Amino acid sequence: MRTSMICFFLLAVISLGAAEVSLIENAGFESWAPVPANTPKNAVFENNQAPTQWKFAIPEQAKVEFSAVRTGAKSGDCALRINKIDVESAIELQYYMLALEPQKTYRFTIWVKNESFRTQSRRPWAAFLAGTEKGFWNDKKGVSQNISFESAEWTEFSGEYTTTADQKAGMLRLHIPAGTSGAFLVDDFNVMEKVK
């Protein structure tokens, strides 16, 4: 009995050592609020509600619809549905600025599920990028992952990146290029600090 209790304790300590701490507020798209005033006017949000904390980079000519899916989410009660109507434009879902610590390892994950999304040539990608606080927009590095929308089941894509000594700011990006159209779901788009 005593030996099994010691083994259980050691396993618990090892499990805690591999824990990850989330840096993203609303990674699961659970929280929605009225669409911010600076959101592009050509993006249609169901019930005029958008997921809180997230930004949308959408060119003027793009046609795209966003909605909350309340059944069939990967986790929690909600997922984000993106329906890209036009083929000619690229769009992005973004989350910034993240406060990062230098020389730490971070893991990003994104879960996607296809409904009717199709691509002609270029593939969508997701990325976790880190940079200096002052020159972030001009000097960022990180990890990206091509996203495949071949499955109607939830599919995870992920990557890891260790920040350099001067990288203290970060962002998440989901890039949907021109030459694509259709609908898909996104859930649990997250960055986690790996805790040793």
Side-chain angles (χ1 to χ4, degrees), residues 20-40 43-46 49-59 62 64-69 73-84 89-102 104-113 123-147 149 154-164 167-177 180 184-195:
E20 296 177 321
V21 179
S22 175
L23 301 181
I24 302 293
E25 186 178 330
N26 200 24
F29 305 98
E30 302 296 320
S31 175
W32 292 67
V35 175
N38 62 347
T39 302
V44 176
F45 289 85
E46 181 181 59
Q49 298 279 306
T52 59
Q53 307 299 324
W54 292 91
K55 312 271 189 293
F56 302 86
I58 305 166
V64 61
E65 300 170 338
F66 298 93
S67 57
V69 173
K74 167 68 178 89
S75 66
D77 295 325
C78 201
L80 171 64
R81 182 177 190 265
I82 300 174
N83 184 18
K84 187 170 176 285
S89 305
I91 63 168
E92 281 200 10
L93 174 65
Q94 303 172 341
Y95 190 106
Y96 56 87
M97 290 300 223
L98 296 169
L100 304 177
E101 291 187 44
K104 293 267 184 180
T105 300
Y106 295 90
R107 183 170 80 91
F108 91 89
T109 63
I110 183 171
W111 289 81
V112 298
K113 182 177 182 180
R123 291 185 68 175
W125 51 265
F128 165 60
L129 302 170
T132 62
E133 290 174 300
K134 287 185 179 180
F136 181 80
W137 295 106
N138 298 321
D139 182 30
K140 41 187 191 299
K141 295 182 173 69
V143 59
S144 67
Q145 187 69 251
N146 284 334
I147 303 294
F149 288 95
W154 284 107
T155 306
E156 180 185 29
F157 298 89
S158 64
E160 287 188 4
Y161 181 73
T162 302
T163 53
T164 62
Q167 291 178 324
K168 297 179 182 175
M171 76 180 298
L172 276 177
R173 293 172 65 188
L174 173 59
H175 180 82
I176 309 299
T180 61
F184 61 94
L185 305 182
V186 179
D187 207 352
D188 297 336
F189 195 5
N190 209 348
V191 173
M192 293 148 291
E193 178 184 340
K194 296 193 77 173
V195 179

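One is the number of the first residue; the rest follow in order along the sequence. Bear in mind the structure is a predicted one, so any value in this text is a computation, not a measurement.
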For residues Trp32 and Phe45, establish whether the separation of their ring centroids is below 6.0 Å.
no
Sorted by chain and residue number, the side-chain contact (heavy atoms from CB on, under 4.5 Å) partners of Glu46 (sequence neighbours excluded) come out as Ser67
Using side-chain heavy atoms (C-beta onward) and a distance below 4.5 Å, is Pro177 in contact with Pro124?
yes
Would you say Lys168 has more than 12 foreign heavy atoms packed within less than 6.0 Å of its NZ?
no
Is there a side-chain contact (heavy atoms from CB on, under 4.5 Å) between Leu100 and Gln167? Walk through the geometry before answering.
CA-CA 7 Å; Leu100 304 177; Gln167 291 178 324; 5.6 Å; no
For the residue pair Ser158 and Arg107, what are the closest heavy atoms and their distance?
CB-NH1, 4.0 Å
Would you compute the distance between atom CZ of Phe189 and atom CG of Leu93 and round it to the nearest 0.5 angstrom?
6.0 Å
Taking Glu30 for the side chain and Cys78 for the main chain, is one N or O donor matched with an acceptor at less than 3.5 Å?
yes
Check for a donor-acceptor pair, side chain of Lys74 on one end and backbone N or O of Ala79 on the other, with a separation under 3.5 Å.
no
With side chains defined as the heavy atoms from C-beta onward, is the minimum distance between Tyr161 and Ser144 less than 4.5 Å?
no
How long is the straight-line distance from CG of Asn190 back to CG of Leu172, given to the nearest 0.5 Å?
7.5 Å
Would you call the rings of Trp54 and Tyr95 parallel, tilted or perpendicular, taking 30° and 60° as the class edges?
perpendicular
Check for me whether Lys55 meets the cation-pi criterion with Tyr96, that is, NZ or CZ under 6.0 Å from the six-membered ring centre and within 45 degrees of the ring axis.
yes
Might you point out which heavy atoms bring Ile110 and Ala126 nearest each other, and give the distance in Å?
CG2-CB, 4.0 Å
Indicate the atoms forming the closest heavy-atom contact of Arg81 with Asn83, along with that distance.
NH1-CB, 3.9 Å
Give me the atom names and distance for the closest heavy-atom approach of Trp154 to Ala73.
NE1-C, 3.8 Å
Minimal heavy-atom distance between Phe157 and Val112, with the atoms involved, is CE1-CG2, 3.6 Å
What distance separates Arg123 CZ from Gln145 CD, expressed to the nearest 0.5 Å?
9.0 Å
Could I get the full list of side-chain contact (heavy atoms from CB on, under 4.5 Å) partners for Val64, not counting sequence neighbours?
Ala43, Ile58, Phe66, Ile82, Ile91
Member of Thr105, Leu23, Thr109 meeting the side chain to side chain contact (heavy atoms under 4.5 Å, CB included) criterion with Met192
Thr109
Within the structure provided, determine whether Phe149 and Thr180 are in side-chain contact (heavy-atom separation under 4.5 Å).
no
Minimum heavy-atom distance Met171-Leu98, with the two atoms named
N-CD1, 4.1 Å
Asn26 side-chain N/O to Ser31 backbone N/O, donor-acceptor pair under 3.5 Å:
yes
The criterion is side-chain contact (heavy atoms from CB on, under 4.5 Å); which residues satisfy it with Lys104, sequence neighbours excluded?
Glu101, Tyr106, Thr163, Glu193
Beyond-backbone contact of Arg173 with Leu129, side-chain heavy atoms, under 4.5 angstrom:
yes
Rounded to the nearest 0.5 Å, what separation is found between the CD1 atom of Ile24 and the CZ atom of Phe128?
8.5 Å
